[in-house]
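Contents: one structure, followed by commentary.
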Amino acid sequence: MSKVLFLFFAGVFVGTAIYELGKRSKTKWEFACKLEKLVEKEADELLASAASKEEKEFFSDFKV
């Protein structure tokens, strides 16, 4: 039951983020670019939080 509840809340947050991006975007292209940047930012943060100290030093060499 807890997994279902977690998935429900995660879906609400993802849906809200997509809705807000759509509301702020004027074109489909702008929406796609904003969504791509949001997903990339979240993936980078997830990677950084899960990486060890040595991995963080390695990844810091490749950050732009």
Side-chain angles (χ1 to χ4, degrees):
M1 183 67 178
S2 64
K3 289 181 182 180
V4 173
L5 191 60
F6 172 76
L7 288 175
F8 174 75
F9 283 117
V12 168
F13 285 118
V14 169
T16 303
I18 290 173
Y19 174 76
E20 286 296 321
L21 284 177
K23 196 166 76 170
R24 294 178 185 176
S25 302
K26 296 179 183 175
T27 63
K28 289 182 182 180
W29 178 256
E30 186 179 2
F31 171 77
C33 289
K34 286 182 180 183
L35 183 61
E36 182 181 354
K37 287 179 185 177
L38 176 69
V39 170
E40 187 176 301
K41 177 184 164 217
E42 291 298 323
D44 286 343
E45 289 178 8
L46 181 63
L47 177 67
S49 67
S52 68
K53 182 181 176 185
E54 293 83 22
E55 291 171 328
K56 287 180 183 178
E57 291 173 2
F58 177 75
F59 288 124
S60 67
D61 295 339
F62 294 105
K63 277 202 170 183
V64 176

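Note that these values count all heavy atoms, side chains included, but never hydrogens, waters or copies made by symmetry.
For T27, the side-chain contact (heavy atoms from CB on, under 4.5 Å) partners at least two apart in sequence or on another chain are W29, E30. Every residue was checked against the salt bridge (charged side-chain N to carboxylate O under 4.0 Å, His left out) condition with K26, not counting sequence neighbours, and none meets it.
Clustering of Ile, Leu, Val, Met, Phe, Trp and Tyr by side-chain heavy atoms under 4.5 Å joins F6 with L7.
Under the 4.5 Å side-chain heavy-atom criterion for grouping Ile, Leu, Val, Met, Phe, Trp and Tyr, V14 is connected to F31 within one hydrophobic cluster.
Surrounding CD of E45 are more than 12 heavy atoms belonging to other residues, nucleotides or ligands, all under 6.0 Å away.
Rounded to the nearest 0.5 Å, atoms OG1 (T16) and NZ (K23) are 10.5 Å apart. Annotation: the span from L38 atom CG to K34 atom NZ amounts to 11.0 Å, rounded to 0.5 Å. To the nearest 0.5 angstrom, E20 atom CD is 10.5 Å from S25 atom OG.
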